[in-house]
Chemist: 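Input: one structure, supplied below.
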Amino acid sequence: MPDEQKPEGSPAPSEGGGSEAQQAKPPAPATPKPVPPKPAAPPAPKPPAVMMATPWTAPLAEDLKARFGDAIKDTSTYVGQNFVVTTPEAAIPVMEYLKVEADFDYLVDVTAVDWPKRPERFDLVYILYSFARNERVRIKTYIKDGDKPKTAVGVHLTANWLEREVFDMFGIEFDGHPDLRRILMPDEWEGHPLRKDYSILKQDQRWVRENLAIESGQ
Amino acid sequence: MPDSTFLDSTELVLNMGPQHPSTHGVLRVILKLDGEKVLGTDCVLGYLHRGVEKIAENRTYAQFNPYVDRMDYVAAISNGLGYCLAVEKLLNAEVPARAQAVRVILTELNRVASHLLWLGTHALDIGAITPLFYCMREREAALTIFEKYCGARLTTHAFRIGGLQYETYEGFEQECKDFCDMFLPKVDEYEELLTANRIWMARLQGVGVLSAEECKEYGVTGPVLRAAGEKWDLRKAQPYSGYEKYDFDIPTCQNGDTYDRYMIRMQEMRQAVRIIRQAVDALPAGPIMGKVGKVIKPPVGEAYVSIEAPKGELGYYIVSDGSTQPYRVRVRPPSFVNLQALDRMIRGGLVADVVAIIGTLDIVLGEVDR
Amino acid sequence: MGSLLRKIFLVDLFQGLGVTFRNQNPKYICTEQYPAERPRIAERYRGAPRLNRNPENGETLCIACNLCALACPETLIVVTSERNEQTKRKDLTNFTYDTSRCMFCGLCEDACPVDALELTQDFEMASYTREGQVWDRQALEEGPRPKQYKC
C-alpha cells in the first residue's frame, strides 16, 4: 500500500476490496490471501488501511523536488525510513543524481512488489545507502505490467544481478540491461514465481516433466 | 611467440561445479580459460532455490521465522535476528533489554561459528588440512551452547518476534565465558598455523584484489569491504539490538586481497569474543518477551532493516498489508550480492585462484539461492 | 656413535609412539561409540514429537484445541476430535504428525496450552518407508514402532 497518500487519482490499491478495474486475470488467489486460521479476528474495519507515512522534508528531499520537479511524485518517511516516489522515467536520473551529488554510492537492493489490482501493477524499489551520510533512501516507482524500465546497471554495477532476479521473479524486463537472463529459476522455466497470481503450488509442468522425468516436484 | 606455429591454444570453457567441493555448495562457475588464465566467468545459480520469498507470502509472520534459518544455515541466528528486527520495526515493538543482550551474545557466538567454518574450509581449499579439524572442534563448543539454549544446533529458530522464547539455561553465562577463555588462545593457534605460513601467503597475497570503490560499486559488504579499507560495520554505523552499548573495534586492512580478508575475519572473531564478554558481564535481568500479542499483525507499511551478518549486510524488506501474513518479504542476501564481484576478482587470475577467491567471499549457497 | 645407537635402539620410533600413546588417554577420546554409548542430548533438544498422557490415569492431555495445527508452518499436524455430549468437551480421536516434513522449529510445542505435544530428546526417527514417517496418535503416545526389516 505504498502509495496511498497521494491525493491525485493514484492507484489506491485498497486492501480489502479490490476497487480498480481488474483486468481479466484468471481467478487466481491474487490478492489478500485467504488468511487462514485466525482466532479472534477483529471485526475488520472496512476502510482500506493505508501506510501512515509522513512527509519527508529534509534538505535532500527539497533539493530533489527542486531539481526534478514533477518527476518526484512524493517524498515521505515511514518508521524513520525515507523514500522517494518518482515517475518511472526519473528513477535512474534521480539515482544518478543521488550518487554523484549526494554520495549515495551504494545500491543496496533492487526489488519489486506485485499489486495485481492496481493499474500500475508493480512497485519497483531501489534501496540506496550513503557511506558518507550514513543514511538510507528508497526510490520507488510504479510501473505497468509490460513496461520496460531503464536499467540501473549504468549507475551501479551491482544492479546487474539484482535486476536479473527481479526479471526472473516478476517478469519485469529492464531496458538496456547487458545480460537479462533468468538467474535463480532454470532458463526455460515459464512463469514468474513471485507474481501474486502464481500460486505457491504452481510449477512449470512441462519443464519438470522434461527435465526431471517426474510428474511433480511436490 | 607466433602461436600458429605451435599448438594452437584456443579458449577453453571449463565447468566448475555444481558439485565441485571447493564451491561450498551447488554453485556452478563456467570459466573461460586461456591456458591457466581466466578470461571470464559466468555463475549459474539456483540449484538450491527454494523460493523462500514466496513461502513468506503464504505464512504468518511467526510461521516464517524458522524458514529464514535455512538461508544462511551457517549463521542461522543472524538470519533470525534480522527477520525479527524487521518485523519488530513494522510493529514498532520494544524488545526488553535482557532479550537484546541474549540476542547479541548468541549472534556473536554465531559469527564466531560462521567464521570458523569459513576458516576451516577456506584453508582446506588452499591445501591446509589441519585448521579444519581445529576449527570444527571449537565450533562444536559454540554449537553446544546453541543446542543447550534452544534445542537445535544449526537451524536454531532461537529468536521470536518481540523477544525470545527461551530463557537462558542455568550456567549459560559461565559457559559463554568459558568459551571466550578457551577460544581466544585458539585464534592465536590458528594464526600460528597460517598467518606467516609461506604457502598460505603465497597463495593469498595479491589474489582477488577488490578496492573499496569497486566494493561499493558492486555492493559488496562485510569483511570484504573492510579488507579494502572502508571502516564500515552496520553494528557501529546503525546500531541495532543494543550494539551501541558494547565497546569493540572494526578491524580494517588496506590491500583488499584475499590475505587481508583472512586477517579481517581473524580479528573479527577476537572482537566478537570481546562483545560476548561485555554482554555476558552486563546481562540485565528482566522479561525476555516484549508486548507483541499472540497474533502478529503489523499495520500497513513497509520497512527495510539490515544487520551485519557474518557475510555482510543482510537486509529484510518487508511490506505489510495489515494482515497476519507478510505481503512481500524481500531478503537482501549478502552472499548473493558479494558473489557478483567474483567475475571482477577472478578475471586475469589463475584457475587455482578461483578456489581461493570463492573461499574468501564466504558464500553460503543456501543464501545465494534462497 | 650416538646416532648409531639411536638408530639401533629405535629411539626416534619410540619417541614418536610416545606421542601417539600419550594421546590415547581416555580423556582425550571424543569418538562416541554410538549406539552402544548414547550421546548426551541437551535438555531442550527438539526431536521426535510425543503426545503426553496423564501419568495417573493414562488419559491424553490433549484437549484437541487445534492450536498446534494452526501454528505449524508446514501444516503437517492434523487433529481430529469429536464432541463428547456428557462433558461438553472435545475428545481427541486421532492426531497425525508427518515427521517427514517437520523441521523441528518447536512452534507447535510453544503453542500447546496444556503441554500435551512435546518435542522430546529422542532423535532416532528413521523409517523404511515414507508412510512410516507419518505418526498417528498411537505412535505419538507410545513412541514409534519401527518395522523389522527382513532381507
Side-chain angles (χ1 to χ4, degrees), chain A residues 1-2 4 13 15-16 31-33 35-42 48-53 78-81 83 105-109 111-115 123 125 127 129 131 134 136 138 140 156-162 165 168-169 179 182-187 193-194 196 198-200, chain B residues 42-49 51 53-55 57-58 60 89-90 92 212-221 225 230 232 236-238 294-295 297 299-306 313 315 317 319-325 327-328 330-333 336-337 339-341 344 368-370:
Chain A
M1 273 6 53
E4 283 52 62
E15 227 17 66
T31 14
K33 292 134 287 171
V35 178
K38 212 173 7 154
V50 294
M51 182 158 74
M52 303 304 261
Y78 182 72
V79 289
Q81 301 182 345
F83 61 90
D105 46 0
Y106 165 29
L107 176 63
V108 181
D109 204 356
T111 189
V113 185
D114 185 10
W115 303 96
D123 280 6
V125 184
I127 304 171
Y129 179 78
F131 286 96
N134 187 18
R136 281 181 206 284
R138 283 200 295 273
K140 290 171 63 169
H156 294 279
L157 280 176
T158 183
N160 188 332
W161 279 20
L162 294 169
E165 195 185 338
D168 191 356
M169 293 297 157
D179 183 24
R182 283 182 175 273
I183 190 163
L184 292 179
M185 304 300 288
D187 282 344
L194 277 181
K196 288 285 176 188
Y198 197 98
S199 147
I200 191 165
Chain B
D42 186 18
C43 291
V44 181
L45 314 174
Y47 292 97
L48 213 54
H49 179 63
E53 291 172 15
K54 188 75 186 176
I55 291 174
E57 294 171 10
N58 294 274
T60 63
K89 183 95 179 170
L90 276 176
N92 211 358
E213 280 66 43
E214 284 169 327
C215 281
K216 291 176 190 172
E217 195 57 38
Y218 279 100
V220 175
T221 46
L225 178 65
E230 179 77 37
W232 184 76
K236 284 272 192 209
Q238 299 182 343
K294 270 252 178 274
V295 179
K297 212 173 164 194
V300 177
E302 56 183 45
Y304 175 81
V305 174
S306 60
E313 177 179 346
Y317 175 67
V319 179
S320 159
D321 62 353
S323 72
T324 56
Q325 293 175 320
Y327 190 77
R328 168 102 171 94
R330 159 70 185 170
V331 186
R332 191 267 182 200
F336 178 81
V337 182
L339 185 61
Q340 195 177 177
R344 171 70 195 76
V368 173
D369 297 340
R370 278 156 291 138

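Residue numbers begin at 1 in each chain, while the letters A, B, ... track the order of the sequences.
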Chemist: Which heavy atom in B:Asn58 sits nearest to a heavy atom in A:Ile200, and how many Å separate them?
Modeler: ND2-CD1, 3.4 Å

Chemist: Grab the two heavy atoms, one from A:Leu157 and one from B:Glu217, that are nearest each other, plus how far apart they are.
Modeler: N-OE2, 3.1 Å

Chemist: Kindly write out the residues that satisfy side chain to side chain contact (heavy atoms under 4.5 Å, CB included) with A:Asp187, not counting sequence neighbours, or none if the list is empty.
Modeler: A:Arg182

Chemist: Heavy atoms only: give me the nearest A:Ala112-B:Arg328 pair and the separation to one decimal.
Modeler: O-NE, 2.6 Å

Chemist: Please determine, among B:Asp369, B:Val368, B:Val220, the option with the most heavy-atom pairs under 4.5 Å with chain A.
Modeler: B:Asp369

Chemist: Heavy-atom cut-off 4.5 Å, strictly under: side chain, backbone, both or neither for A:Asp168 against chain B?
Modeler: neither

Chemist: Find the distance between CZ (B:Phe336) and CG (A:Leu162) and round it off to the nearest 0.5 Å.
Modeler: 6.0 Å

Chemist: Specify the closest pair of heavy atoms between B:Ala237 and A:Asn134, including all atoms of both residues, with the distance to one decimal.
Modeler: O-ND2, 2.6 Å

Chemist: Who passes ring-ring contact (aromatic ring centres under 6.0 Å, His included) against A:Tyr78, sequence neighbours left out?
Modeler: none

Chemist: Between B:Glu313 and A:Tyr129, is any pair of side-chain heavy atoms under 4.5 Å apart?
Modeler: no

Chemist: So which part of A:Ile183 gets closer than 4.5 Å to some heavy atom of chain B, the side chain, the backbone, both or neither?
Modeler: both

Chemist: I'd like to verify something: which residue of A:Ile127, A:Asp179, A:Leu107 has the highest number of heavy-atom pairs under 4.5 Å with chain B?
Modeler: A:Ile127

Chemist: Would you check if B:Tyr317 and A:Val108 make a side-chain contact, meaning some heavy-atom pair closer than 4.5 Å?
Modeler: no

Chemist: Relative to chain A, which segment of B:Glu230 carries a heavy atom at a distance below 4.5 Å: side chain, backbone, both, or neither?
Modeler: side chain

Chemist: Taking all non-hydrogen atoms of both residues into account, name the closest pair between B:Lys54 and A:Tyr198 and its distance.
Modeler: NZ-O, 2.6 Å

Chemist: Can you name the closest pair of heavy atoms from A:Arg136 and B:Ser306 and give their distance?
Modeler: NH2-OG, 2.8 Å

Chemist: Considering only heavy atoms, which portion of A:Tyr106 lies under 4.5 Å from any heavy atom of chain B: side chain, backbone, both, or neither?
Modeler: both

Chemist: Distance under 6.0 Å and angle within 45° of the ring axis: does B:Lys216 meet both against A:Phe131?
Modeler: yes

